[in-house]
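Each remark here refers to the structure printed beneath this line.
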Amino acid sequence: MNVLQELKNRFAHVLSDYVDDPAPFAEMVKPAQDARFGDFQANCAMPLAKRNGVNPRDLATSLVEKLNVTDLCEPPEIAGPGFINLRLKDDVVEGNINQAYTDDRVGVSGVEQPLTYVIDFSSPNVAKPMHVGHLRSSVIGDSLQRTMRFLGHKVISDNHIGDWGTQFGMIIYGYKNFVDNAAYESDPVGELARLYRLVNTLSDYHSAVEKIPQVEKSLETLAEELSQMEADADPKDKKQKKVFKKKRSEIESAKDSIKSLQEKKAAVADDPELKELAIAHPEIARLAREETAKLHAGDAENQKLWDQFLPQCVEALQGIYDRLDVHFDHTFGESYYNPMLAEVVADLEAKGLATESDGAKCVFIEGNAAPFIVQKADGAYTYATTDLATVQYRLKEFGADKVLYVVDARQGEHFKLLMETIKLWLNTEIDLQHVSFGTVMGEDRRPFKTRSGDNVGLESLLDEAVRKAREIVASNDDAKTDSTENSAPELDEATRDEISQIVGIGGIKYADLHHNRESDYVFDWDKMLAKTGDTATYMQYAYARIQGIFRRGNIDVEQLRASSFRIHLDESAERALALKICRFGEALDTVASEYRPNLLTQYLFELAGVLTTFYGECPVLKAEDETTKQSRLKLIDLAGRVIKQGLDLLGIEVCEKM
RNA sequence: GCGCCAGUAGCUCAGUUGGAUAGAGCAGCGGACUUCUAAUCCGCAGGUCGGGGGUUCGAAUCCCUCCUGGCGUACCA
């Protein structure tokens, strides 16, 4: 039973005497924010009293008089300006915990009205190797997919990979001009990645050579403007100060951009081999774009190369997804929608939504300066076109009620335009949600950028995490002793390897998931691999400890579960643990309503904390009598199942021993 | 210029959408293994919630303004 929901219903019933629409006031029944206030608190009396022009405490009193919760709660108490504090009856908590124990879903009921969700996440560019920036979307999206599915929704996950854009033109150009056949034979994806980087570097070189004089010129102009302004300045004028500041920051950013352009130039100019290639390919950027255009236009040779490259790239991605234990129902890349794009644009034009502007076909949305460009002047389609076609497809083929885009916050404007355009274009109730997340920042608090030649690939990050986990697993196990203080490690090499995988990968995922996804994300190697505090390891350890107790006590878990002993709650630590376990469903509801897995990590961390407090106060195997022992065994068994299930919804595994 | 987002303890971050005395984890200090796993627990210390003004019973949260930083802003995705 969802107690919180039941209490809200009871309040709504009574509140209807005071207000036409009681729902928003019933929503003000919440878990108590402090244990001293009981288990739940209702905050509705104050705002309602204000609205009705009466005294809040009086209103709370009259609410409580009419409220019928005697079957669930102790008599409600009114505190402070009009808080209503509720404490569940012990036998209610006991009833719920015993019910949850026999439930496969550990007491979490499924949603009443399942919806069809399409979750679009990860979506890397196949031409570039994945790096840490791709982690957030993959990990958050996967957790949402697992959670929504567990709650009973129909979920279709789709990896909308970038397999059709400009970067493929670069690879094709690179392959035609620079391929090392031996390298391609032995490691095709590595060679393709090298070719991509090479073409990119050479293009950047030419563009830098062209731009440096321009930027230097504008820097000069800015500097002159500033000194002129300073000469004319009135020192008392505050507004001028601000203008100066602005100018200075413009100058700084011009300097930065010159510096970065010079680095790009030097990368080639200082390398005789690259220099030679650059001279031999002066038009490389334009020619690479042409290869893309040819591919899109159906050129046979480029199509053949694409057909050859794509499966190799996808296979390489699959290797990483397997390690991360992230899976998709579909991997329809951008290319999948290519045949539909012409029709999308034609339809938009027919409906008078797309118009031509500067040679490009655009949808203009009122209130937005930037247009939604659906076809470029050169005839190529954009990702706006693809995204429109994709929504149409998901609507038609999947009957999607909601589409979640787990994508970087920087694309907020794109999705805003997409949603507006869909509203105008298709007559549909489909709900598109941009589940955005913050930028990955470097340790210098500036956006994380892979330095050329020194980029932290996702693959090497995973390797490092597992390697560090292996060291900790080994040293911890080596330190174990038996009752006579002799060294007594209990894990063989293979088991150690397995645990290292689970702990290392889990740690990385958790580091990402426990942040509020909206915040910017500071990439910190040490923190990501930390094994103490609020980490996956803490919960994994709590789980392994429970299994350790079962082993030590020779407990047959199947027998335990089949036995007729009831869980009973006498100690306050037992009650606190039981109540926390019963709140798993509440935690999942908040995750689902805001698409925020960090609310689940928070719940699990608290659950594990309550569990360790319980250990301190309540011996299990050495409980005073058999009834208590069996009760506590069942309680920790259920706690372990909730931890395992919760971690699973985060995409994190557990192990029996650590 | 316009728009979006952020600023909370030394560091990294939560903060249940306006609720009660602002919380964790690291780092620091002090304790706890003859005890079901010390990858742990308990305690201490640490705060002008960027500044200022406003709204009300009540503000980290809402409004205005200023400061600082990030991002986006027409044919890359």
Side-chain angles (χ1 to χ4, degrees), chain A residues 27-28 30-34 36-37 41 43 46-47 49-50 55-56 79-83 85 123 125 162 164-167 238 242 245-246 289 334 357-362 367-378 380 382-384 386-387 408-414 416 436 438-439 441 445-447 472-473 475-476 479-480 483 485 490 503 514-516 518-520 522 524 526-527 530-535 537-538 540-542 544-553 586-587 590 594 598-599 601-602 605-606 609 612-613 615-616 619-623 632 636 657-658:
Chain A
E27 281 305 307
M28 294 178 195
K30 293 172 181 181
Q33 68 170 38
D34 189 309
R36 283 168 310 169
F37 305 140
Q41 63 182 57
N43 301 338
M46 285 88 75
K50 187 201 275 186
N55 178 292
F83 295 101
N85 292 335
S123 311
N125 257 321
W164 199 243
T166 312
Q167 79 282 3
K238 267 196 169 174
K242 201 183 157 187
K245 201 158 210 175
K246 178 91 186 157
R289 275 199 300 275
E334 293 169 334
S357 171
D358 287 349
K361 287 175 185 164
C362 310
N368 291 80
F372 204 44
I373 297 174
V374 294
Q375 190 169 18
K376 299 192 281 186
D378 67 4
T382 68
Y383 78 138
T386 317
D387 277 358
D408 199 302
R410 283 179 281 204
Q411 292 191 37
E413 208 157 0
H414 168 74
K416 194 175 156 206
S436 79
T439 310
M441 311 286 269
R445 292 216 131 266
R446 311 209 65 190
I472 294 167
V473 169
S475 75
N476 188 63
K480 285 177 188 165
S483 53
E485 302 224 350
E490 53 177 4
V503 169
H514 96 283
H515 291 100
N516 182 336
E518 305 272 8
S519 330
D520 284 346
V522 175
D524 180 341
D526 291 333
K527 219 188 151 194
K531 295 291 176 289
T532 58
D534 186 2
T535 60
T537 313
Y538 182 74
Q540 289 168 326
Y541 183 66
R545 225 175 137 179
I546 291 169
Q547 309 315 310
I549 291 174
F550 289 156
R551 279 194 303 276
R552 181 67 65 108
E586 288 171 27
T590 62
E594 298 179 41
N598 72 307
L599 296 170
T601 66
Q602 198 176 312
F605 184 60
E606 286 164 9
T612 48
T613 305
Y615 283 140
V620 178
L621 295 177
K622 294 172 186 168
R632 287 179 183 167
I636 63 170
K657 290 182 185 176
M658 280 176 76

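All values derive from a computational prediction rather than experimental measurement. Within every chain, numbering begins at 1; the chains are lettered A, B, ... in the order of the sequence lines, protein sequences first and strands thereafter.
- Spacing between G10(B) and A27(B) at atom C1', rounded to whole Å, works out to 8 Å.
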Strictly under 3.5 Å: I want the nitrogen or oxygen pairs between protein and nucleotides 17-19 of chain B, one per line.
unit_1 : atom_1 : unit_2    : atom_2 : d
U17(B) : OP1    : Lys30(A)  : NZ     : 2.7
U17(B) : OP2    : Lys30(A)  : NZ     : 2.1
U17(B) : O4     : Glu594(A) : OE1    : 2.7
U17(B) : O4     : Glu594(A) : OE2    : 3.4

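- Taking the side chain as every heavy atom from C-beta outward, Phe605(A) and His514(A) never approach each other to under 4.5 Å.
- Ala369(A) comes within contact range of no nucleotide atom at all, as no heavy-atom separation falls under 4.0 Å.
- Taking all atoms of both residues into account, the shortest heavy-atom contact from Asn598(A) to His515(A) is CB-O, 3.3 Å.
- Under the 4.5 Å side-chain criterion, counting only non-hydrogen atoms from C-beta, Tyr541(A) is not in contact with Val503(A).
- Taking both residues in full, the closest heavy atoms of Ile373(A) and Ala384(A) are given as O-CB, 3.3 Å, listed atom of the first, atom of the second, then distance.
- Between the CZ atom of Arg545(A) and the P atom of C33(B) there is a distance of 15 Å, given to the nearest Å.
- Taking atom P on both nucleotides, C13(B) is separated from G7(B) by 10 Å, rounded to a whole Å.
- Looking only at side-chain heavy atoms (C-beta outward), Gln411(A) and Ser436(A) stay at 4.5 Å or farther from each other.
- What separates CG of Asn55(A) from P of U56(B) is a distance of 18 Å, to the nearest Å.
- Proximity of Asn516(A) to the phosphate of G15(B): a side-chain N or O atom is located under 4.0 Å from OP1 or OP2.
- At least one side-chain nitrogen or oxygen of Arg552(A) sits closer than 4.0 Å to the OP1 or OP2 atom of U37(B).
- Across U73(B) and U55(B), the matching C1' atoms stand 34 Å from one another, rounded to whole Å.
- Within the model, atoms CZ of Arg551(A) and CD1 of Ile546(A) stand 11.5 Å from one another, a figure rounded to the nearest 0.5 Å.
- Residue Asn85(A) is in base contact, counting any heavy-atom pair closer than 4.0 Å across all strands shown.
- Under a 3.5 Å cut-off, the side chain of Glu490(A) and the backbone N or O of Lys480(A) do not form any donor-acceptor pair.
- For the pair Met46(A)/Lys50(A), no side-chain contact is recorded, criterion being any heavy-atom separation below 4.5 Å from C-beta on.
- Protein atom CG of Leu599(A) is 18 Å distant from nucleotide atom P of A24(B), rounded to whole Å.
- In RNA chain B, stems built from 3 or more consecutive Watson-Crick or G-U wobble pairs, each with both distances under 3.5 Å, span B:1-7 with B:67-73, B:10-13 with B:23-26, B:28-32 with B:40-44, B:50-54 with B:62-66.
- Listed nucleotides C13(B), C36(B), A74(B) differ in distance to His515(A); the shortest reach to its side chain belongs to C13(B).
- For Thr537(A), counting side-chain heavy atoms from C-beta on, the closest listed nucleotide (C36(B), A39(B), A14(B)) is A39(B).
- Between C49(B) and A60(B), the distance separating the two C1' atoms is 5 Å to the nearest Å.
- For the C1' atoms, the distance from G25(B) to A9(B) is 12 Å, rounded to whole Å.
- Note that CD1 of Ile636(A) is 5.0 Å distant from OH of Tyr615(A), once rounded to the nearest 0.5 Å.
- Nucleotide U17(B) carries a syn base; the chi torsion (O4'-C1'-N9-C4 or O4'-C1'-N1-C2) is within 90° of 0.
- Residue contacts shown for Ala409(A) are absent, as no nucleic acid heavy atom lies under 4.0 Å away.
- Residue-level contact check: Asn598(A) touches the backbone only, with heavy atoms under 4.0 Å from sugar-phosphate atoms and none from bases.
- Atom OH in Tyr541(A) sits about 4 Å away from atom P in A39(B), given to the nearest Å.
- Considering only heavy atoms from C-beta on, Gln41(A) stays 4.5 Å or farther from Asp34(A) through its side chain.
- Within 4.0 Å (heavy atoms only), Ala79(A) reaches at least one base atom of the nucleic acid.
- Both Thr590(A) and Asp534(A) sit near RNA chain B, but only Thr590(A) has its closest nucleotide nearer the 5' end.
- Distance, Arg289(A) CZ to C76(B) C1': 10 Å, rounded to whole Å.
- Distance noted for atom C1' between C67(B) and G52(B): 11 Å (whole Å).
- Note: Tyr383(A) and His414(A) have parallel aromatic rings, judged against thresholds of 30 and 60 degrees for the angle between ring planes.
- Of the P atoms belonging to A22(B) and G50(B), the separation is 15 Å, rounded to the nearest Å.
- The phosphate of C41(B) (OP1 or OP2) has a side-chain N or O of Tyr538(A) nearer than 4.0 angstrom.
- Protein atom CG of Asn476(A) is 9 Å distant from nucleotide atom C1' of A38(B), rounded to whole Å.
- Syn is the conformation of C33(B), whose glycosidic angle sits no further than 90° from 0.
- Between the CG atom of Asp408(A) and the P atom of C5(B) there is a distance of 15 Å, given to the nearest Å.
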Walk me through it: do Asp378(A) and Arg289(A) pass the test side-chain contact (heavy atoms from CB on, under 4.5 Å)? CA-CA 11 Å; Asp378(A) 67 4; Arg289(A) 275 199 300 275; 5.9 Å; no

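- Here A14(B) is the nucleotide among A14(B), U37(B), A74(B) with the atom lying nearest to any side-chain atom of Gln602(A).
- Within the 4.5 Å cutoff, the side chain of Met658(A) has heavy atoms near those of the Thr537(A) side chain.
- Comparing C41(B) with C5(B), their C1' atoms sit 39 Å apart, to the nearest whole Å.
- Listed pair Arg36(A) / U21(B) fails the phosphate criterion, with no side-chain N or O lying under 4.0 Å from OP1 or OP2.
- At a threshold of 4.0 angstrom between heavy atoms, the contacts of Glu518(A) with the nucleic acid are absent.
- Using a 4.0 Å heavy-atom cutoff across all strands shown, Ala49(A) reaches no nucleic acid atom at all.
- As a whole-Å value, the separation of Glu606(A) CD from G15(B) P is 12 Å.
- Close to A14(B), at under 4.0 Å from its OP1 or OP2, lies a side-chain N or O of Ser519(A).
- Of the candidates C71(B), U37(B), A14(B), the closest approach to any side-chain atom of Arg410(A) belongs to C71(B).
- Using a 4.0 Å heavy-atom cutoff across all strands shown, Phe605(A) reaches sugar-phosphate atoms only and no base atom.
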